[in-house]
Asker: 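Please see the structure below; I have some questions.
On a predicted model such as this, the values are computed, not experimentally measured, just so you know. In what follows, every heavy atom counts, from backbone to side chain, and hydrogens, waters and symmetry copies are set aside.
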Amino acid sequence: MAEKNEADKPQLETPSLFGSCRLTITLMCTVAAFNSLLMTINLGMVIVCMNKGHGDSNGTETEGSNCTANPEFQIQSACGVNTTEVEDVRWDKTAQGMLLSATYYGVVSMQLLTGWLCDKFGKTKLIMICGSTILGVTSVLSPLIIEYAGVPFFFAARVVKGACMCCMLSPVLPLLRRWTTSKEQGLLVGLAFAGCALANAATYPMAGFMCNYSGWRSIFYYAGGCGILWSFAAFFLIYDKPGQHPRVSVKEKQYLHSTQKQDSSKRTKKVIPWSKILLSIPVWSVVTTNFFFFAATKGTVINLPLFIRDVLDFSVTENGIFSAMPSVLALMIHLIIGPLFDWVRAKQIFSVTVVRKIFHVIGTLFPAILMFTVSQLPPDQKYIIIGLITIGYALFEVAWMGGFSFAFMDMAPDYVGIIQGINNTIGLMPGFIVPVVISNLTPGGTSQEWSYVFLMFGGLYSVACLIFLLTGSSELQSWGKVKDVTKEGEMDKSLEKMIA
């Protein structure tokens, strides 16, 4: 339906994407996505780096340490933070799981507020710059917090980093909605979120390299510096709307205005249809799918360095490389799926809903099968295990880019921010649940314990596959367009006041 509406409008020649302002803003979103993950997911390799070489094979106390070594993990099971040797900072399994999950407390807590602010006021640039600046400063200060304040304060810092990460990522779709058309949506949105896949691919090898040559502290310093530099660049390069950009060409501005649905440049007051959103089956289909899907994908990528350390017995450098392999392949698939989805959609052989469900099944069913397979393989098949995990994880991009994830842009294009906020508030909760669950499932770090983890991942993918396949939709909803404030239901108004 959206395509037909645009086809009825006067068609202007598409201005070149190369050198355009919409490409510049998309690339800035790519770097923002990269930096937000670079500053948050690096903790897994920091933990590996901190604990390399600590403890002996007999599990005796390492000289100069105030903790007791665990022979299985080569780490300390007592969480003495300030110890007598340089870089002698170690956490037990419980502390590791708690700190890995801390970021998502902040992410989840800010999703709804950030989405509401983006839809209500449209200040996406301001939100992203504030988030990047605070996240960068917190990253730079992290080594001091770890060494002199301890685990509770670093946990609080990780929660703050999660909130700032949300402020960097949540405004991306509302921002790009004003800078893309349906013809370029898959390409530009895919390019913007390619920063996430690129960060997953690059963070672990970079962290492993820095660990060997400059220590774990440099991992935080480098990431924080990237975030602060992005804030300065964003001040000059990002603008909320084409009409506000001082350097956008007249041709590009006319093209964007002619092909987009009415963007309330007249400052028409927007009333969010809360009751219709909250009672929508398509909305809840995506939200619940995202919950199980995110638990599987993020659980895999966050805990992969720990699995490799515990079971596969690779060096720190090899760990960084092999931990990055799934994300490298995912990045390649990510860059292909966006344009492929646009091409299939443009053919109009199937409805958008059917196309998304086809992509979704491919990106969830096959990873489920591969995770079940990994759970049954012995540790001596470590290269086969790495290969299957790499393929299984990377295929999630098919479901992410072409399946359920961006269905909101089809069903309710004018309420992307707020629905995305609801989606991520619930859908990202596994971020702070799964690391703790895994740390409790793997107290000894044995291959048998980790096999249960991969069985769990396979089950999560399977549930995610079924939910969207049976209940999902990408059809434009009756409430999906902005309406002027006239006679809106009292329930919607009262709900808006409660949220505000």
Side-chain angles (χ1 to χ4, degrees), residues 34-52 54 73 75-76 79 81 87 89-108 134-147 149-166 168 196 199-212 214-227 297-310 316 319-320 323-324 327 428 430-439 442:
F34 177 88
N35 285 345
S36 66
L37 266 72
L38 178 67
M39 291 183 277
T40 51
I41 68 170
N42 53 19
L43 183 61
M45 280 304 296
V46 168
I47 291 173
V48 173
C49 183
M50 284 177 173
N51 297 316
K52 66 172 182 175
H54 287 303
F73 298 107
I75 64 171
Q76 306 299 338
C79 52
V81 175
E87 301 193 41
V89 181
R90 281 156 280 170
W91 298 309
D92 62 15
K93 272 292 214 177
T94 302
Q96 290 176 26
M98 183 179 68
L99 291 172
L100 285 170
S101 66
T103 302
Y104 292 93
Y105 287 96
V107 172
V108 169
I134 299 173
L135 183 53
V137 172
T138 306
S139 294
V140 171
L141 295 177
S142 289
L144 293 176
I145 297 172
I146 291 171
E147 293 182 277
V151 170
F153 287 92
F154 186 53
F155 179 88
R158 292 277 295 171
V159 173
V160 171
K161 292 172 78 171
C164 295
M165 176 184 177
C166 174
M168 292 185 69
C196 295
N200 285 328
T203 297
Y204 292 143
M206 288 167 54
F209 178 83
M210 286 186 280
C211 170
N212 282 333
S214 53
W216 60 266
R217 296 169 183 80
S218 63
I219 300 173
F220 289 113
Y221 297 146
Y222 173 77
C226 289
T297 56
K298 192 54 67 173
T300 302
V301 74
I302 288 179
N303 291 280
L304 186 55
L306 305 182
F307 167 69
I308 292 175
R309 180 198 66 187
D310 291 352
V316 173
N319 192 329
S323 294
S327 299
L428 299 186
F432 58 78
I433 298 173
V434 171
V436 176
V437 171
I438 292 176
S439 67
T442 59

Asker: Determine whether M50 and W91 make a side-chain contact, defined as any pair of heavy atoms from C-beta on separated by less than 4.5 Å.
Answerer: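 Sidechains of W91 and M50: in contact.
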Asker: Any side-chain heavy-atom pair from L306 and L100 closer than 4.5 angstrom?
Answerer: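 SC-SC contact between L306 and L100 confirmed.
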Asker: Donor-acceptor pairs under 3.5 angstrom involving side-chain atoms of residues 150-157: please list them, not counting sequence neighbours.
Answerer:
none

Asker: On a heavy-atom basis, which atom in A324 and which in A201 lie closest, and how many Å separate them?
Answerer: CB-O, 3.0 Å
Asker: Looking at every heavy atom in both S139 and P143, which two are closest together, and how far apart are they?
Answerer: O-CD, 3.7 Å
Asker: Mind checking side-chain hydrogen bond (donor to acceptor under 3.5 Å, both in side chains) for T103 and listing every partner two or more places apart, or none if nothing turns up?
Answerer: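 Counting only residues at least two positions away or on another chain, T103 forms a side-chain hydrogen bond (donor to acceptor under 3.5 Å, both in side chains) with R158.
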Asker: Side chains of N319 and M45: closer than 4.5 Å at any heavy-atom pair?
Answerer: yes
Asker: Just jot down the side chain to side chain contact (heavy atoms under 4.5 Å, CB included) partners of V301, sequence neighbours excluded, or say none.
Answerer: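 So V301 forms a side chain to side chain contact (heavy atoms under 4.5 Å, CB included) with N200, Y204, K298, S327, Y393.
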Asker: Does the S323 side chain pair with the main chain of G320, one donor and one acceptor, at a distance under 3.5 Å?
Answerer: no
Asker: May I ask you to test the I146-W216 pair for a side-chain heavy-atom distance under 4.5 Å?
Answerer: yes
Asker: For residues 34-45, which residue pairs qualify under side chain to side chain donor-acceptor pair (under 3.5 Å), counting only residues two or more places apart or in two chains?
Answerer: none
Asker: Looking only at heavy atoms, which two atoms of S439 and V436 are closest? And how far apart?
Answerer: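 Scanning both residues completely, I find the closest heavy atoms to be OG-O, 2.7 Å.
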Asker: Could you tell me which residues satisfy side chain to side chain contact (heavy atoms under 4.5 Å, CB included) with A199, sequence neighbours excluded, listed by chain and number?
Answerer: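 Once residues adjacent in sequence are excluded, the partners of A199 under the side chain to side chain contact (heavy atoms under 4.5 Å, CB included) criterion are F34, L37, T203.
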Asker: Please round to the nearest 0.5 Å and tell me the distance separating atom CG of L144 and atom CZ of R217.
Answerer: 9.0 Å
Asker: Side chains of C164 and M39: closer than 4.5 Å at any heavy-atom pair?
Answerer: no
Asker: From F307 CZ over to T442 OG1, what is the distance, rounded to the nearest 0.5 angstrom?
Answerer: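 Going from the CZ atom of F307 to the OG1 atom of T442 covers 11.0 Å.
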Asker: Considering only distance and modelled atom types, tabulate donor-acceptor pairs under 3.5 Å from the side chains of residues 218-225, sequence neighbours left out.
Answerer:
| residue | atom | partner | partner atom | Å |
| --- | --- | --- | --- | --- |
| S218 | OG | S214 | OG | 2.7 |
| S218 | OG | G215 | O | 2.7 |

